[in-house]
Each structure stands twice: as structure tokens, then as C-alpha cells.
Amino acid sequence: MPAIRHDLRNIAIVAHVDHGKTTLVDAMLRQSGVFRANQEVVDRVLDSMDLEREKGITILAKQTAVEFGGVRINVVDTPGHADFGGEVERTLRMVDAVLLLVDASEGPLPQTRYVLGKALARRLPVVVCVNKVDRADARPAEVVHEIEELFLDLDADEHQIGFPILYANARTGRAGHRPDDLAGDLGPLLETIVATTPPPSYEPGHPLQFLVTNLDADPYVGRLAVGRLWQGEVRLGDRVGVARRDGTLAVAKVTKIAGAIGLSRSDLDQAGPGEIVAIAGLGDVTVGETVTDPDDPRPLPVVSIDEPSISMRFGVNTSPFAGNDGTYLTSRHLKERLDREVLGNVAIRVLPTASPDTFEVQGRGELQLAVLIEQARREGYELEVSRPEVITRTVDGRVQEPYEAVTLDVPEEFVGVVTQGLALRRGRMTDMVNHGTGWVRLEFRVPARGLIGFRSTLLTATRGTAILHHLFDGYDEWAGPINDRVNGALVADRVGTTTGYALWQLQERGELFVGPGTQVYEGMVIGENARPEDMDVNPTREKQKTNIRTHASDEAIRLVPPTVLSLEQAIERVGPDELVEVTPAQLRLRKKVLDAPSRGRAAKRARQQR
């Protein structure tokens, strides 16, 4: 007969990016008395990584706990971006229910559909919370109707369709059962969570079963395995077995058990079934493995993760300026860093290539790989990365490629230019809705290849007003050639320092990426040509000095400010024959072949092979 722990609940907060998950957890922590009265607390306190705070998104799933009415609620905050879906899939293995947060204005978006689909597939009960009801353009009644349609589309069970609906303003920490009648705190929401989430059940006397769903590190005790105790108990100093992915069993000794209370971890002497804890002393344990009784091992099924759809090549920096900025420069350093990433991030794969200095890294999307590159860059690594490519597969002799479901919110006047831009990239419109507010929602099905480099083009065409969301939508027939690169490159033809005089004459040729006084080398891309072909230019030329006086107007050089590319923009703009050179201090675009004559011969051979 299963026993039940009534003093515990495990729930994950899932939503589309920027719908207020982390802000809601902030309010829960504040109202549960986690912070001292005089403690200074930043907004979105769980987004502790520098990158998370800079980009305003959650990248890693994080767990905390709040007390309410004598019940401890373990809350897991998950990423809202599709590229970090691997974190969501692992998190859902730890919890018994899901709190689905939806923006009262934007309604369900692609990532809402994705995370809800995963939760319904695991038969988890759902609590729906419509957030940001204080927005001027909030439309809670229509959004609830859209959520109900989404549940029906995803084939929800009968018990899942009768979900409770609450309304909230996470920023002020208020919730209620009606959008125009919010309580003074989050009490109604927490009451509903406790009532809807099934308490953990377990079999008394069952051998230990602890599923590792995340990894962390402690400077004193080393690797921490984070997960949920499904059966049995674990005590400090216990001898346990780690059931590996390959079927072997490694014996280890528990040296530390830590549970989350608020923002900090507190050391525990023991942990019981249903608890989410971190355990140290398990050696090189990885995500998906089970910690069990060594005398009666009963491993749980390994966590299954969606396949990656995008790949990039990471290589050692081979530019003439290699070694000027970074600390870690060799292929050994790069391989160690990538292996370390694979250990804790099951959505990333690293494969060898024909070159020992280059590795193929596969992931869910450009943003996920860009975050990995930015983290390595900040740790002192120098590397060069290629243009993202889609991972194709062959079924019955026919090549298939990944497709994306794209949702766009654009002002009415830009509908034509956006539709034309996606049509050129083999996109097919599936839906178009005009809410009557001056904005139109467009839905497309586009090959993943067509979205590479599209974001910057879209923002330029819509003057920065468009909002784009996309989600993996399965494999389909190869769509044919997509010509997404209409401009050539301005390529430096020698080593030196750029001068204002040279750039003044080059700025008519196109858009420049460098300003005066910048160190350049042969083969480095210094700008985008206004014409389709590449052009070798001399950005270091100085004005010849003579003893003839010139008019003052000749010396008035007026330069257009250069376009400074972020890492994401550089990855979008890089061409098939180019690389992005990434160092702790610099981002440069460069040709794969630096020498101009060799580059010309390689381009000629490529044209002949077509």
C-alpha cells in the first residue's frame, strides 16, 4: 500500500519566454519570509548567471522552496526559450504538477504549446495562471479561451481539461480567482497549488531510487547530483550504487546532502522520498543515471531528450592575432571545455571531425550555441566558429530537413514586407489573425535553414518593431536552395591599423564593421559590400603628405559610425566561406582562407563543382 507525504509538493513553473516566471518566484520568496527585512534583493533573483541578467532570460532550470500553511512547496523555475528545452524536459521528471503561466495580452505562444505538450504527455495536472492582468492591452477572457483550445489541440485527458484558472500580477505579488478582484498577496495561488498538486507517494521499505536530473558543483565537495528521491531514504555516509547508462553499477559513498530553502542550500543528515536534493560523493555521475541500493539495484528509465537540429563547427583560433587576448588556446583546452558542457547539458552533443583541431557541436538552436560560445569566451577561451547548419536525415532515399513553426507579431503596415521575406526563405503561411489593435499575428512553417540570419533582416525591415518566436516542428522534405546572402563582404587585403582616410573612401561601398585605429589582418571581413560579390580592400591606406597646401575642406573626414556586431549578429551574418573569431576581448569575422589568391582559386573550384 503506497504511503503519502502530505507535507510536501513538487511543482514546475513553465511558460513562454518573458511571461513572468522568475518574477512570480521572486514574489513567492518575498512573501514566504525568505529575505530579511533589511536585505537588499535584486529583481529576478533566481537568474543568477551574468548572461541571464544581461539577456533577461532564464537559461538554467533552478530549484527553490517556499513554506505555505505547513506544506513545503519545491518550485522549479524553467527556461522559457525553445533552445533550452532540454532543461524543461529534465525538470518535468522531478515534479508532480505544472504551473502554466500565460501573458494576459500575448496569450499562448509557441513555447507555451511546447512545454504544455511535454507536461500533458507525462500526465501531470496543470494549474493555469494568467499573468500581467494589469497591462493596458490585457484581454484575459480571450486568452483563457485560447488556452482551452490549446488543451484540446494537445489531446489533454479529461482530468487535465478541468484545470483551475487564476489571475495574477507577479510584479506586485497579487493573485486571485477573477482578473478584476485580486487578493493582497499570492495566497489564492499557493492554496490552489497545494490543492491541485498530488503529494508524493512512495512504498515503505522500497530500495533507494534517486534520479539525477541536473548537475552542480561545490568548491569543497566537488560534483553535486541534483534530483528527486522517488523511493527510499538516503543518509549521510550511506554506501550507494550509481546505475550507469551503459548498464554497469559503481559503488560510492554519500559525503553531503543539501536541500534548497529560499535561495540557499542547507545541509541535511538525511532525505526522504519525494524530496528534491543535491548529493555529493557520487564520482563522475551524469544526468539521467540512477542512484540506488548497491545490494538491490533498481535503475529508473534514462531521461529521453529531443534530438538536436542545428550544428556548428568549433575550432582552435588560427588567425594571425591568436593568443593576444585569451588564456586557453589549444585543441586540448577546447575539447576539455566542450566535454565539461556535455556532462551537464544533455541537449548538447560534440562529435569529432576530420581535423583534430575542430569539433562539430550540435544543439537545439542558434541561441543555445551562442550562449555556450559566450560562456567559453568569458572564461578566457579563444576559438573560431562556423556558420550554423541544419542537421538533415535521409528517409527512404529522400533527404529531409528540420522545419520551424514561426509566430510573428508585427504592425499592420509591415505585413507585406515580412510575408515577402519569409516567402524568399521557402516559408509557408499557415494563419493570420488581426486583433484590431494595429498589430497582426502571422504564423508560418519555415525550413530551419531559412531562419538562420533572418532575425536581423526582420528587425531592419520592420524598424525594430517585430516580435518573432519559433519552435521545432518536425522533419519534412528538403525545400530546395535558399539564397539568404545577398551581399558580399569587404575583406582587408593586408595587416595593419585602419585609418580614417581609408575608411572614409570605403564607406560608400557598403556597411563597415570597424572604425579607425583598429588592428586588421589579411582575410579579415571589415564590412558588408553593397553588391553581391566580395571585394578585397585596403583599410590601412594613409593620405599622401606633400608640400602643397590643400583646402581645409579636403581634410574634413566625416565617418559613419561602424556597426558593432554582437555575438548573435556575427553568427547570423557569417557566410559559408567565413568564420567568427571569438576571443575574450574581440569578435571578428574572417574568411576561412585568409590568402586572397588561394581564396580566389578555392572559389573557382567551388563554382566548377556546381
Side-chain angles (χ1 to χ4, degrees), residues 5-12 25-26 28-30 32-42 45-49 60-68 70-77 90-91 93-96 199-200 202 206-243 250-287 289-294 300 343-344:
R5 288 197 60 173
H6 293 286
D7 61 334
L8 192 61
R9 300 290 189 279
N10 296 314
I11 191 164
V25 176
D26 273 10
M28 286 182 179
L29 291 171
R30 281 191 171 90
S32 65
V34 166
F35 307 124
R36 299 189 312 273
N38 64 343
Q39 186 172 347
E40 186 178 334
V41 183
V42 296
V45 70
L46 280 191
D47 284 349
S48 51
M49 275 172 58
L60 297 175
K62 299 175 193 68
Q63 179 242 335
T64 184
V66 296
E67 297 279 344
F68 178 76
V71 176
R72 187 160 97 250
I73 305 172
N74 285 321
V75 180
V76 188
D77 182 23
R90 287 187 287 170
T91 300
R93 294 294 298 268
M94 288 198 290
V95 298
D96 300 309
Y202 64 98
H206 193 286
L208 172 67
Q209 284 184 323
F210 173 85
L211 183 65
V212 180
T213 49
N214 216 337
L215 296 177
D216 205 345
D218 184 291
Y220 301 105
V221 295
R223 182 178 303 185
L224 291 169
V226 182
R228 172 174 169 169
L229 270 161
W230 286 95
Q231 300 286 352
E233 293 185 346
V234 62
R235 293 179 178 79
L236 212 55
D238 273 1
R239 182 173 152 273
V240 296
V242 180
V251 178
K253 181 182 178 182
V254 176
T255 57
K256 180 176 181 175
I257 305 172
I261 293 293
L263 297 180
S264 58
R265 284 204 175 109
S266 58
D267 289 353
L268 306 172
D269 293 328
Q270 68 175 63
E275 295 185 30
I276 297 175
V277 294
I279 297 177
L282 305 178
D284 55 349
V285 64
T286 64
V287 170
E289 295 179 345
T290 305
V291 179
T292 184
D293 187 334
L300 293 161
L343 213 58

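Just so you know, these numbers use all the heavy atoms, side chains as well, and skip hydrogens, waters and symmetry mates.
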Which heavy atom of [X] sits nearest a heavy atom of [Y], and at what distance?
X: Gly259; Y: Leu268; answer: N-CD1, 3.8 Å
X: Gly274; Y: Pro200; answer: CA-CB, 3.7 Å
X: Gln270; Y: Ile257; answer: CA-CD1, 4.1 Å
X: Val226; Y: Phe210; answer: C-CZ, 4.0 Å
X: Arg5; Y: Tyr202; answer: CG-CE2, 3.6 Å
X: Thr213; Y: Gly227; answer: OG1-CA, 3.7 Å

Exercise. Among residues two or more places apart or on two chains, list those pairs meeting side chain to side chain donor-acceptor pair (under 3.5 Å) that have a residue in residues 250-259.
Key: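 As it turns out, the side chain to side chain donor-acceptor pair (under 3.5 Å) pairs with a partner in residues 250-259, which skip direct neighbours, are Asp218-Lys256.
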
Self-check item: CZ on Phe68 to CE on Met28, rounded to 0.5 Å
Solution: 10.5 Å

Quiz item: Is a donor on one side and an acceptor on the other found under 3.5 Å between the side chain of Thr292 and the backbone of Leu208?
Solution: yes

Exercise. Apply side chain to side chain donor-acceptor pair (under 3.5 Å) to Asp96 and list each qualifying residue two or more places apart in sequence or on a separate chain.
Key: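 Partners of Asp96 by the side chain to side chain donor-acceptor pair (under 3.5 Å) criterion, ordered by chain and then number, come out as Arg228.
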
Exercise. Only counting residues at least two apart or in another chain, list the ones meeting side chain to side chain donor-acceptor pair (under 3.5 Å) with Arg239.
Key: none

Practice problem: Kindly indicate whether the side chain of Glu275, heavy atoms from C-beta on, has any atom under 4.5 Å from the side chain of Leu8. | Solution: yes

Quiz item: Side-chain contact, heavy-atom cut-off 4.5 Å: Asp7 with Val71?
Solution: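 They are not in side-chain contact.
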
Practice problem: Could you check Leu229, Val234, Leu300, Val240 and say which one makes a side-chain contact (heavy atoms from CB on, under 4.5 Å) with Val291? | Solution: Val240

Self-check item: More than 12 heavy atoms of other groups within 6.0 Å of Asp269 CG
Solution: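 No, the 6.0 Å shell around CG holds no more than 12 heavy atoms from other groups.
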
